[in-house]
Amino acid sequence: MAFDIFAAIMAVLSVLSFGLIGPADVAEETPQIEILSGVTDTDPEAAESDTPSAVSDADELQIPAVPDEPDTPPVTPAVPADKPGADLIAGTWKGSSSVPFVASMTFHAEVSADGTAQFRGTVDSSLFGDSTFDIPATWEYRGGTAFNTVVEGVDTPVACDGNTLSFQANPYKLGLVDNEMADRNFTIELRRV
């Protein structure tokens, strides 16, 4: 590449020295500026310094220093512990109950170890109509096999030994059936699935 530049300069000088190009033949052109890698002075009028600049790329770009990483690992949020009694009641439960010529009910319960539950099911009755339900509940351990559940704001005592879950349910008071004829207690027994 150095030879090409030298040859071009020599050609221009020889043409000028023989007078082949006169002042009328010269056209003004905008100079082309080529940016060279590593050159930081973009002002062509700036005076050249005798000493090289001691500015590093990091100082020029103002890159903040990265702080040292702490030796301690990040804090992981604690997982809530299972509520007392969760080993007996947490899980999936299914069952049904019926009173001949009055009503039949099916239940499906998903009981979580954190004290919450979801009850789903159906009530089929020729006396007070058919309905389906899907309602949230909470539970609390009372000791032994005794639990208390709250369904639709109604406290319902529950017995659970880990295999069988049983309770008295009043479909009308629980809001499962909208007919006062359903205002009676049914014994519901569910088995672990």
Between [X] and [Y], what is the shortest heavy-atom contact and its length?
X      : Y      : value
Cys160 : Leu88  : SG-O, 3.4 Å
Tyr141 : Ala146 : CD1-O, 3.6 Å
Gln168 : Asn185 : OE1-CB, 3.3 Å

Heavy-atom distance under 4.5 Å between the side chains of [X] and [Y], does that happen here?
X      : Y      : value
Asp87  : Asp82  : no
Thr92  : Arg192 : no
Glu110 : Arg120 : yes

Quiz item: Does a sphere of radius 6.0 Å around CG in Asn179 hold more than 12 heavy atoms from other residues, nucleotides or ligands, not counting ones at 6.0 Å or beyond?
Solution: yes

Practice problem: Please answer: with hydrophobic residues joined when any side-chain heavy atoms are less than 4.5 Å apart, are Val123 and Val154 in the same cluster? | Solution: yes

Quiz item: Are Val150 and Tyr172 linked, directly or through other ILVMFWY residues, by side chains that come within less than 4.5 angstrom of each other?
Solution: no

Between [X] (side chain) and [Y] (backbone), is there a donor-acceptor pair under 3.5 Å?
X      : Y      : answer
Asn148 : Trp139 : no
Thr145 : Ala159 : no
Ser125 : Leu127 : yes
Ser97  : Thr187 : yes

Quiz item: For Thr122, which of Thr132, Asp130, Thr106 qualifies under side-chain hydrogen bond (donor to acceptor under 3.5 Å, both in side chains)?
Solution: Thr106

[atom2] on [Y] to [atom1] on [X], rounded to 0.5 Å:
X      : Y      : atom1 : atom2 : answer
Leu190 : Asn163 : CG    : CG    : 13.0 Å
Ile135 : Gln118 : CD1   : CD    : 8.0 Å
Phe186 : Ser96  : CZ    : OG    : 13.0 Å
Asn170 : Thr156 : CG    : OG1   : 9.0 Å
Lys83  : Phe147 : NZ    : CZ    : 10.5 Å
Trp93  : Arg191 : CH2   : CZ    : 9.0 Å

Quiz item: For the residue pair Phe167 and Phe107, is the inter-centroid distance of their aromatic rings smaller than 6.0 Å?
Solution: yes

Quiz item: salt bridge (Lys or Arg N to Asp or Glu O under 4.0 Å) with Arg184: which residues, sequence neighbours excluded?
Solution: none

